[in-house]
Amino acid sequence: MRFSKAFIPTQKEIPADATIPSHQLMLRAGLMRQLTAGVYVYLPLGYKAMLKAMEVVREEMNAIGGQEFHLPALNPESLWIQTGRRDVPNFILSIKERDLVLAPTHEEVIAWIASMHIQSYKDLPQIWYQIQTKFRNEPRPRSGVLRGRQFIMKDSYSLDASREGLDKSYDLHAEAYRNTFTRCGIRFFVVGASSGAMGGTGSQEFMVEAPHGEDTVALCTQCDYAANLEIASSALPKVTRNEGSSNVEEVHTPNVRTIDQLAEFLKVPRERLAKSVVYRHNGSPLLILMVGNDQLNESKLIAALGGGEVSPMSADDLKGLTGADGGSIGPVNLKGFKIIADKRLEGANGLISGANRNDYHLSNIDLQRDVTLDGYYDLRTIEPGEACPKCGAALKVSNAIELGHIFKLGTKYSEALNVTFLDEGGAGKPVIMGSYGIGIERIVACAIEQGHDANGIVWDKALAPYSVHVIAVNMNSKDVVLAANQVYRSLTEAGIEALFDDRGNVSPGFKFKDADLLGMPFQVIVGEKGLKNGQLEIKRRKTGERTMVAKDDVVSTVQSLLRE
RNA sequence: CGGAACGUAGCGCAGCCCGGUAGCGCACUUGCUUGGGGUGCAAGGGGUCGCGGGUUCAAAUCCCGCCGUUCCGACCA
C-alpha cells in the first residue's frame with residue numbers, strides 16, 4: 001500500500017477522551033474513531049489488525065474441529081424470555097420497532113439449532129463457533145475498545161453427550177486459547193474463575209496483566225497458582241479454639257463502632273472479634289460473620305448461597321429489624337436472620353461480637369454453643385502478601401484484562417430450550433454444553449498495551465497490519481524514488497505486506513515519526529546516504545536496532561527476520 | 001443508576017469569573033524554502049461557541065431545562 005493513497009489519519013496530539021495507552025494509540029495511529037460511547041469505527045489499518053487476530057483465532061478453532069457459523073445478530077425476544085435472560089440487568093439491547101433484540105451472545109440460538117438437529121448421541125460431540133459482532137447494554141463503556149456496547153467476539157459452543165465429553169471439549173478449547181494468544185505474541189496467564197450467573201461447574205479466564213484492567217486477580221509469586229479475586233483463597237490460619245468456654249458476658253463499649261476501635265478499646269487481637277455484616281438475600285435478612293477486618297467477598301457469598309440477589313442492608317432497615325445500629329450487631333439471640341460464617345471462624349469460641357444493643361458487645365461467644373449457624377464458607381477477600389494456598393509463598397494482587405473465558409455450562413440452556421438426544425440405551429437426555437469466548441478487540445488492545453513505547457505502537461508480527469514499512473527519505477532524489485519503488489515492488493512480489501511511505505510533501509522526520517507511531521515490525525529506510533554504497537537500512541521497531549543491507553539482499557533479509 | 005468534570009474550527013486548548021465585532025497551536029489550501037527524526041517564511045480557507053428556553057439594548061460569557069462525552073463508584077455472562 002502506498003501511503004500517499006492510503007487513508008491513515010495519524011495525529012500528533014493525544015485525544016482528550018482517551019486515558020489508557022491502547023486507546024490513545026489506536027486513535028493516534030489512525031486505527032479507529034469513536035462514533036458514540038462504546039461504539040467504534042474501525043479504519044482500514046485497525047481493521048487489518050483485527051482481521052489478523054480473527055484469522056489466528058479461526059485457524060486455532062478449526063484445528064480443534066470447530067465449525068464456523070454465521071448467526072443472526074437479530075433474535076426474537078421470545079427466545080431470551082424462554083431462558084430467563086431477557087431480564088438480566090444491563091445485558092440486552094432491544095429494537096424499539098419489533099419484538100427483536102440484539103444478541104449479546106448466542107447460547108440461545110445455538111441451542112435452538114441443536115434442538116432441531118441433534119437427535120442421537122451419534123450426532124455428538126460438536127464444536128460450533130462464530131466470529132461476529134455482538135451487542136451489550138453496557139451501563140458505562142470505558143477504556144476505549146476494552147469495554148464497548150458493540151464488539152467482535154469469537155464465541156464457541158460445545159455440545160456433548162457426557163460430562164467426560166464436556167471435559168474433553170473444554171480442554172481442547174483451553175489448548176486452542178493458549179495457542180491463539182501465544183501466536184498473537186501476548187503474555188497472558190490463566191486463572192480459575194467464578195462461573196457467575198452464567199451457571200455451570202467450571203470456568204477459567206485468560207488474562208493479561210494490565211494496570212488499567214478491570215478484573216482483579218491473585219497471583220502466586222512462586223508457583224502457578226492464579227485466580228480471579230472473586231474466588232481466590234489463601235492459606236490463612238483459622239481462629240484457634242480455646243480450651244473451655246466461659247459464660248457469655250455483656251461488655252459496655254460506648255461509642256465503639258469499628259473493629260479497630262473495638263480492638264483498641266478492649267485490648268484484644270482482631271482475630272477474636274467476629275464482625276457482623278448484614279445483607280438481604282432474595283429479600284431475607286442475612287448475617288455474615290467475618291474475622292476482624294476480613295473483607296466480605298460478594299462473589300463468594302453468592303456462590304455460597306447458591307445464587308440469587310444480595311445487597312447490603314440499609315441502616316434504617318437494620319435498625320428496624322434489630323433495634324441496634326451497624327457496629328453493635330451480633331449473632332447471639334438474633335431473631336429472623338439466617339446466619340453464616342467465614343470458614344476461618346469454624347468452631348471458634350472466645351469471640352467478641354455485637355450485642356444487638358447499641359454500645360454493648362458480648363464476649364466469650366462460642367459459635368458451637370451460642371449460635372445457630374447455617375454453615376461455614378470461604379467468604380473473605382484475600383489480601384496481597386498472604387500465603388498461596390498451593391505452595392505457601394506470598395500472593396500478589398494485580399489488575400488484569402480478560403481476553404478469553406471458557407465455561408462448562410452444563411444443561412442450563414439445553415433444558416430450558418429442550419435440547420435432548422437419545423443415548424445408547426434409548427433414554428432422552430439434555431445435551432451438555434460448554435461456552436467459550438474471546439474478545440477480538442481485546443486481543444488488539446492488549447497487544448498494544450503490552451507492545452508500545454513513547455513513540456507509538458510496537459506490533460508483533462502476527463497482528464501487524466503490514467510487516468514492513470518502507471520509507472523513502474527524500475522524494476526529490478531520483479535515486480531514492482527509484483530504489484524505494486524497486487524495494488517496495490520486490491517485497492510485494494515476495495508476498496510480504498508492505499506499507500510504502502511515498503509521500504512527496506512530507507519531511508523525513510515526519511515520516512520517521514509516523515512510522516514509529518504506526519509500529520510495523522520492520523522499517524526499510526531508503527535514503528541517499530545508504531544508496532551511495534548501494535545499501536538500504538533496516539530498522540527493527542522493537543529495539544531500534546539498525547542494519548545496513550545491500551539493496552538486492554533486502555527482501556531475503558526481511559524474509560528471514562519475519563521467520564524469527 | 002449515584003458522584004464529578006467537560007462541551008468554542010478536523011485535533012489540542014484559551015476566552016466565560018467581570019456580557020459589547022470569536023482567538024491561539026497543530027492540521028488544511030497556495031507559493032517559495034528545506035530534505036535523515038513532527039523544516040522555515042508568507043498569504044489564505046474553515047466555527048449555528050452542544051441544543052432549547054429565559055434575562056438584557058446586547059449572551060460563548062448570566063439563569064433554567066435537555067442532550068452528549070469522559071472520569072470515580074455501582075455493575076460487568
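Letters A, B, ... are given to chains in the order of the sequence lines, protein chains preceding strands, and every chain is numbered from 1. Just the heavy atoms: all of them, side chains too, but no hydrogens, waters or symmetry mates, feed the values below.
Under the Watson-Crick and G-U wobble criteria, each requiring two contacts below 3.5 Å, nucleotide B/C6 is paired to B/G68. Across all strands shown, B/U34 remains unpaired; no Watson-Crick or G-U wobble contact has both distances below 3.5 Å. Of the nucleotides present, B/C1 is the one that pairs with B/G73 by Watson-Crick or G-U wobble criteria, both distances under 3.5 Å. Across the strands present, B/G44 finds its partner in B/C28; the criterion is a Watson-Crick or G-U wobble pair with both atom distances under 3.5 angstrom. B/G20 is paired with B/C57 under the criterion used here, namely a Watson-Crick or G-U wobble arrangement in which both key atom distances are under 3.5 Å.
At a threshold of 4.0 angstrom between heavy atoms, the contacts of A/Thr19 are confined to the sugar-phosphate backbone, with no base atom among them. Contact annotation for A/Lys539: base contact, defined as any heavy-atom pair under 4.0 Å involving a base atom. Heavy atoms of A/Glu138 sit nowhere under 4.0 angstrom from any nucleic acid atom. Heavy atoms of A/Arg136 sit under 4.0 angstrom from primed sugar atoms or phosphate atoms, though from no base atom.
Rounded to a whole angstrom, the distance from the C1' atom of B/C41 to that of B/U48 is 36 Å. Across B/A27 and B/G12, the matching P atoms stand 15 Å from one another, rounded to whole Å. Nucleotides B/C67 and B/A43 have their P atoms positioned 47 Å apart, rounded to a whole Å. Using P as the reference atom, B/C51 and B/C11 are 15 Å apart when rounded to the nearest Å. Only the P atoms considered, B/C57 is 24 Å distant from B/C16, to the nearest whole Å. As rounded to the nearest Å, B/G46 and B/G7 have P atoms that lie 25 Å from one another. Distance noted for atom C1' between B/U55 and B/A59: 10 Å (whole Å). Going from the C1' atom of B/G31 to that of B/G37 covers 26 Å, rounded to whole Å.
Of all nucleotides listed (B/G36, B/G38, B/A77), B/G38 comes nearest to the side chain of A/Leu517. Candidate nucleotides B/U69, B/A74, B/G38 were compared by shortest atom distance to the side chain of A/Lys513, and B/G38 ranks first. Distances from the side chain of A/Thr36 to the nucleotides B/G37, B/A74, B/G68 place B/G68 closest. Relative to the side chain of A/Glu214, the nucleotides B/C26, B/C72, B/C76 differ in distance, and B/C76 lies closest.
Per the geometry, CG belonging to A/Asn455 stands 19 Å off P belonging to B/G36, to the nearest Å. We find that CD of A/Gln523 is positioned 16 Å from P of B/G36, with the value rounded to whole Å. One atom, CD of A/Glu537, and another, P of B/G36, lie 12 Å apart when rounded to the nearest Å. Separating the CG atom of A/Asn399 from the P atom of B/C76 is a distance of 17 Å, rounded to the nearest angstrom. Separating the CE atom of A/Met475 from the C1' atom of B/U33 is a distance of 19 Å, rounded to the nearest angstrom. When rounded to the nearest whole Å, the span between CG of A/Asp514 and P of B/C26 equals 17 Å. The nearest whole Å value for the distance from the CG atom in A/Asn90 to the P atom in B/A77 is 11 Å. Regarding A/Arg541, its CZ atom lies at a distance of 13 Å from the C1' atom of B/G37, rounded to whole Å.
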Check nucleotides 6-13 of chain B for protein N or O atoms closer than 3.5 Å to its own N or O atoms and list the pairs.
from: B/G12; atom 1: OP1; to: A/Ala16; atom 2: N; distance (Å): 3.1

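Side-chain N/O atoms of A/Glu298 and A/Tyr279 include a donor and acceptor closer than 3.5 Å. At a cut-off of 3.5 Å, with distance as the only test, a side-chain donor of A/Gln204 or A/Tyr170 sits close to an acceptor on the other residue. In the model, A/Asn228 has no side-chain atom that pairs as donor or acceptor with a side-chain atom of A/Glu402 under 3.5 Å. Side chain to side chain, A/Asp514 and A/Thr10 meet the donor-acceptor criterion of an N or O pair below 3.5 Å. In summary, the side chains of A/Arg2 and A/Asn485 do present a donor paired with an acceptor at a separation below 3.5 Å, with no hydrogens or angles considered.
A donor-acceptor contact under 3.5 Å is formed by the side chain of A/Arg85 with the base of B/A77. Side-chain to base pairing of A/Arg142 with B/C71: no donor and acceptor N or O lie closer than 3.5 Å to each other. Donor-acceptor pairing under 3.5 Å, judged by distance alone, is present between the side chain of A/Arg546 and the base of B/G37. One N or O donor and one acceptor, one from the side chain of A/Asp516 and one from the base of B/G37, sit under 3.5 Å apart.
Closest-nucleotide positions on RNA chain B for A/Gly144 and A/Glu528 were compared, and the one nearer the 5' end corresponds to A/Glu528. Both A/Ala18 and A/Arg147 lie near RNA chain B, and the one whose nearest nucleotide falls closer to the 5' end is A/Ala18.
One distance of note links CD1 of A/Ile131 with CD1 of A/Ile152; it measures 9.5 Å at 0.5 Å rounding.
The main-chain N or O of A/Leu518 is found under 3.5 Å from a side-chain atom of A/Trp459 such that the two form a donor-acceptor pair.
Annotation: cation-pi geometry satisfied between A/Lys48 and A/Tyr466 (NZ/CZ under 6.0 angstrom from ring centroid, within 45° of ring axis).
A distance below 6.0 Å separates the ring centres of A/Phe69 and A/Trp128. The six-membered or imidazole ring of A/Tyr47 lies away from that of A/Tyr42, with a centre-to-centre distance of 6.0 Å or more.
Contact check, A/Ser507 against B/G36: no side-chain N or O comes under 4.0 Å of OP1 or OP2.
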